[in-house]
Amino acid sequence: MSQFAPYKESIMKSIFRPALTLFVALSLITGLAYPLLTTGLAQALFPQQANGSLIEQNGKVIGSSLIGQAFSGNHYFWGRPSATSPQSYNAGNSGGSNLGPTNKAQLDAVKGNLDTIRKAHPTQTGPVPVDLVTASASGLDPEISAAAAYYQVDRIAQARQLPAEKVRQLVAQHVIAKTFGVFGQARVNVLRLNLDLDKLSKA
Amino acid sequence: MTSAAWLQLGLFLAVLIALAWPLGAYMTRIIQGEHPVAVLWLKPVERALYKLAGVREEQEMGWKGYAFALILFNVIGVFAVYALQRLQGALPFNPQAMGAVSPDSAFNTAVSFVTNTNWQGYGGETTMSYLTQMLGLTVQNFLSAATGIAVVVALIRGFARHTAASIGNFWVDVTRVTLYVLLPLSLVFALAFTQQGVIQNLLPYQTAHNIEANHFQQPKTDSKGAPVLGKDGKPVMVDASTQDQVLPMGPVASQEAIKMLGTNGGGFFNANSAHPYENPTPLTNFLQELAIFLIPAALCFVFGRMVGDRRQGWAVLAAMTLLFATAVVSVTAAEQNGIPQLAALGADQQVSALQSGGNMEGKESRFGIIDTSLFIAVTTSASCGAVNAMHDSLTPLGGLVPTFLMQLGEVVFGGVGSGLYGMLIFAILAVFIAGLMVGRTPEYLGKKIETQEMKMTAITILVTPTLVLVLTAIAVSTEAGRAGIANPGAHGFSEILYAFTSAANNNGSAFAGLSANTMFYNIATAVGMFFGRFLMIVPILAIAGSLAAKKRLAVNSGTLPTHGPLFVVLLIGTVLLVGALNYVPAVALGPIVEHLQMVMAH
């Protein structure tokens with residue numbers, strides 16, 4: 001026979017104590033000690049990121065570089081459609097549209113977005129970058145594709161009475177390339193771009 | 001598949017194997033009771049825990065004792081998570097003053113996190129206090145993962161041992177896995193995530209004063225806060241405007257790390273890993289995908305080492321990898337092709353250097369099509385269920401892939417522990433079928449597969465399809481079930497099928513348009529999750545016990561080798577055959593009909 005003895009003690013007696021004790025002890029370790037230790041280390045090592053990558057202007061928090069916000073003025077770059085409710089870019093209630101690809105409501109929504117975009121960009125005659133007319137997964141997407149940013153250049157140049165080339169250069173400076181040339185897509189952070197756009201107008 | 005997509009897949013698999021190999025070696029030592037120098041300092045903690053709990057390390061359990069301990073431990077977990085949600089309003093770490101969760105939702109969530117499913121009927125940032133997230137949900141992220149690993153370790157011991165009466169000590173297995181494997185890995189990943197922008201704090205939600213005001217419409221409410229209905233029965237909408245944006249906070253990174261490493265998948269926020277505070281960069285996305293597969297892949301190596309033939313582990317891993325790579329290619333192609341109707345309307349879905357194109361509804365800009373598709377295949381191959389995109393908005397074929405991956409029984413890498421034990425059951429079935437073909441008593445790893453093992457194998461293979469199909473049938477034939485549907489037609493059926501597939505296979509992702517936070521879905525999915533988990537585990541432990549008691553036979557000329565390409569093909573064939581036989585009719589009614597409708601309408 002093997003060296004492993006079967007479990008002979010009374011099962012009830014020998015199982016309830018370890019079950020309860022280990023549950024409580026491991027809960028305290030993994031549910032309090034671990035997250036609190038992580039919080040302490042994160043706050044010491046990466047306080048800016050750990051607290052939400054907030055952006056301040058004149059001592060006031062105006063947003064987070066990671067959380068998109070609603071832009072609708074003609075003098076700003078627009079982000080992606082957001083399906084959060086009741087308002088778009090509601091960071092207190094993240095989520096997507098969850099509309100299916102063959103749902104008429106989805107096709108109508110895209111059609112509506114396309115109309116809005118086309119009307120606002122009369123100089124653009126080609127098809128519209130798809131991310132400008134489809135809602136993001138989180139409803140808080142802080143970025144748009146590089147194509148979607150270049151698409152909007154003429155409108156902003158006109159609204160701000162800036163040379164289009166200057167605005168295009170600003171976009172080029174803001175394009176975030178694929179990480180290590182492999183991960184993600186070429187994209188632009190809308191809030192950061194718009195903040196620099198305001199600086200450009202003032203200069 | 002573009003060359004960029006192939007490059008990413010290749011890189012992912014290379015890095016995965018490079019990390020999983022040493023982790024497998026390390027985990028084998030931990031499971032066998034060794035204490036590598038790096039974790040020697042934790043040994044007193046382990047000893048103290050045993051002393052406190054009255055556990056004698058060397059005292060092993062038979063399979064019944066092991067199963068009883070496991071069930072008891074998990075049932076305590078259900079009560080604890082339920083109680084925390086119900087009482088959170090009166091407990092600390094609740095800066096947003098979240099009130100008690102409703103009884104049916106709290107019950108559903110408790111079962112969901114204990115069974116490693118992490119299906120979520122609630123939105124985290126609007127429902128859960130920080131204490132519930134940490135002491136309820138994070139704890140179960142650890143303990144359900146440790147439970148899964150304990151079960152597969154017990155099963156492996158069943159193969160490795162020779163005429164033994166016991167399969168290990170559940171308390172020791174869970175404690176060691178938690179302390180020496182899950183906790184250190186989680187801490188490393190959590191800090192890497194924070195460096196990239198995942199938040200980790202205990203602050204109340206912050207208010208940001210945005211650049212522009214946000215104009216919108218919202219339902220008009222009366223003095224009691226109830227919506228005012230118009231003559232048509234719809235809520236009356238009024239104009240509103242705000243320039244303030246509420247930014248949610250919380251201890252996210254610590255939960256995010258174990259959410260992935262333990263193939264749990266329950267998001268801190270409603271949008272899960274699509275939320276920029278959970279998954280802010282393409283790099284965190286890659287790390288999250290790695291974290292999901294890391295332990296399931298490492299366990300294949302643990303298996304090879306513990307049964308004394310490393311090729312056995314490689315064979316299982318090869319079968320998983322081939323199935324996985326096929327899924328990645330399929331979902332990437334479907335999503336990159338996009339939706340013909342949108343192209344016809346004038347949306348540009350072409351891939352270029354400036355955009356990823358494709359079907360971007362419900363996807364994030366930083367990930368684009370390639371990174372999103374890889375994540376979809378990873379999270380549904382493994383029973384993780386975290387999402388970085390809204391699966392409800394996938395193309396019909398793009399949605400079929402994750403549905404079918406789950407329907408294969410979550411054995412393509414699968415959940416931590418549960419993926420490998422599920423795959424080993426398929427291996428038993430494969431050698432059984434091969435044995436029937438040549439008329440020999442089947443053997444796997446020197447153990448004769450006989451009536452007892454095959455009875456239990458049949459139960460484990462039939463239990464999830466039965467749950468999925470019966471619960472789906474109930475839902476589509478009752479008013480309460482149909483009430484949850486968000487998208488009309490075939491897609492609505494897909495939503496329900498996906499929900500029960502996800503629940504019973506303990507994945508946890510969703511076609512999230514389905515309104516699942518109702519009495520019907522909270523109870524029906526909880527039933528699927530609980531029995532999908534424990535009606536698998538108990539028969540598998542029975543197999544472990546019965547195998548452990550047998551002799552290990554020597555290899556002879558009649559033995560089917562289970563480490564070569566022939567066996568890999570046989571194993572893949574068995575998995576696909578069982579999956580197809582169970583689910584092709586159901587899948588045909590959902591995603592396949594919808595795909596045909598999409599193509600024909602165009």
Side-chain angles (χ1 to χ4, degrees), chain A residues 2 4 6-7 15 17-19 21-23 25 27 30-31 35 38-39 42 46 49-53 60-61 63-64 66 69-71 86-87 91-92 94-96 98 100-103 107 114 127-131 133-134 136-138 141 143-147 179 182-187, chain B residues 52-55 60-62 65 69 72-73 76 134-135 138-139 142 164-166 171 190 194-195 197 199-201 208 210 214 216 218 246-247 251 254 269-271 274-276 280 282-283 339 346-349 354-356 360-362 364-366 368 389-390 392 395 487 491 512-513 598:
Chain A
S2 83
F4 302 109
Y7 207 57
I15 265 178
R17 179 179 161 202
T21 320
L22 278 180
F23 182 80
S27 291
T30 60
T38 311
T39 307
F46 317 112
Q49 295 96 311
N51 292 326
S53 304
K60 277 182 88 175
V61 175
S64 161
L66 291 178
Q69 43 184 273
F71 286 102
Q87 76 270 35
S94 58
N98 282 311
T102 56
N103 191 340
L107 297 179
L114 277 166
V128 181
V130 65
D131 59 319
V133 294
T134 46
S136 63
S138 63
D141 196 336
E143 294 160 336
I144 51 177
S145 69
T179 309
V182 182
F183 304 116
Q185 69 166 339
R187 62 203 189 275
Chain B
L52 206 62
V55 170
E60 294 219 340
M61 303 169 174
L72 182 64
F73 190 65
I76 293 173
M134 294 192 295
L135 197 55
T138 301
V139 166
F142 277 98
S166 63
W171 310 122
T194 314
Q195 193 278 333
I199 58 175
Q200 179 71 26
N201 60 59
N210 284 173
N214 190 356
F216 61 100
Q218 64 181 14
V246 174
L247 299 172
S254 54
F269 302 117
N270 188 43
H275 198 293
L283 187 61
I339 295 162
D348 182 6
Q349 298 183 98
L354 297 179
Q355 69 161 10
S356 78
M360 283 300 286
E361 180 71 33
E364 296 283 296
S365 301
R366 58 196 178 281
M390 292 301 127
D392 216 346
T395 60
N487 287 285
H491 196 90
M598 183 177 86

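Chain letters run A, B, ... following the sequence lines, proteins first, then strands; residues in each count from 1.
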message: Run the side-chain hydrogen bond (donor to acceptor under 3.5 Å, both in side chains) test against Ser53(A) and tell me which residues pass, sequence neighbours left out.
response: none

message: Between Arg17(A) (side chain only) and Val55(B) (backbone N and O only), is there a donor and an acceptor less than 3.5 Å apart?
response: no

message: Out of Ala186(A), Ala42(A), Gly96(A), return the one with the most heavy atom pairs under 4.5 angstrom to chain B.
response: Ala42(A)

statement: From the list Gly95(A), Ala25(A), Pro129(A), the residue making the most non-hydrogen contacts under 4.5 Å with chain B is Pro129(A)

field: Criterion side chain to side chain contact (heavy atoms under 4.5 Å, CB included) on Asn103(A) and His491(B), from CA distance to verdict
entry: CA-CA 8 Å; Asn103(A) 191 340; His491(B) 196 90; over 6 Å; no

message: Ignoring hydrogens, what is the shortest heavy-atom contact between Pro35(A) and Met134(B)? Give both atom names and the distance.
response: CB-SD, 3.5 Å

- prompt: Would you say the side-chain atoms of Gln185(A) pair up with the backbone N or O of Ser365(B), donor to acceptor, closer than 3.5 Å?
  reply: yes

query: Side chain of Gln49(A), backbone of Gln195(B): donor and acceptor closer than 3.5 Å?
result: yes

message: Whether the side chain of Asn201(B) engages the backbone of Ala50(A) through a donor-acceptor N/O pair (distance < 3.5 Å, no angle test) should be reported.
response: yes

query: chain B: which of Ser145(A), Ala146(A), Ser94(A) shares the most heavy-atom pairs with it under 4.5 Å?
result: Ser94(A)

- line: Correct closest heavy-atom pair for Gly197(B) and Leu66(A) would be O-CD1, 3.4 Å

field: Between OG on residue Ser136(A) and CD on residue Glu361(B), distance to nearest 0.5 Å
entry: 8.5 Å

- line: Counting heavy-atom pairs under 4.5 angstrom with chain A, the leader among Val246(B), Asn214(B), Thr138(B) is Asn214(B)

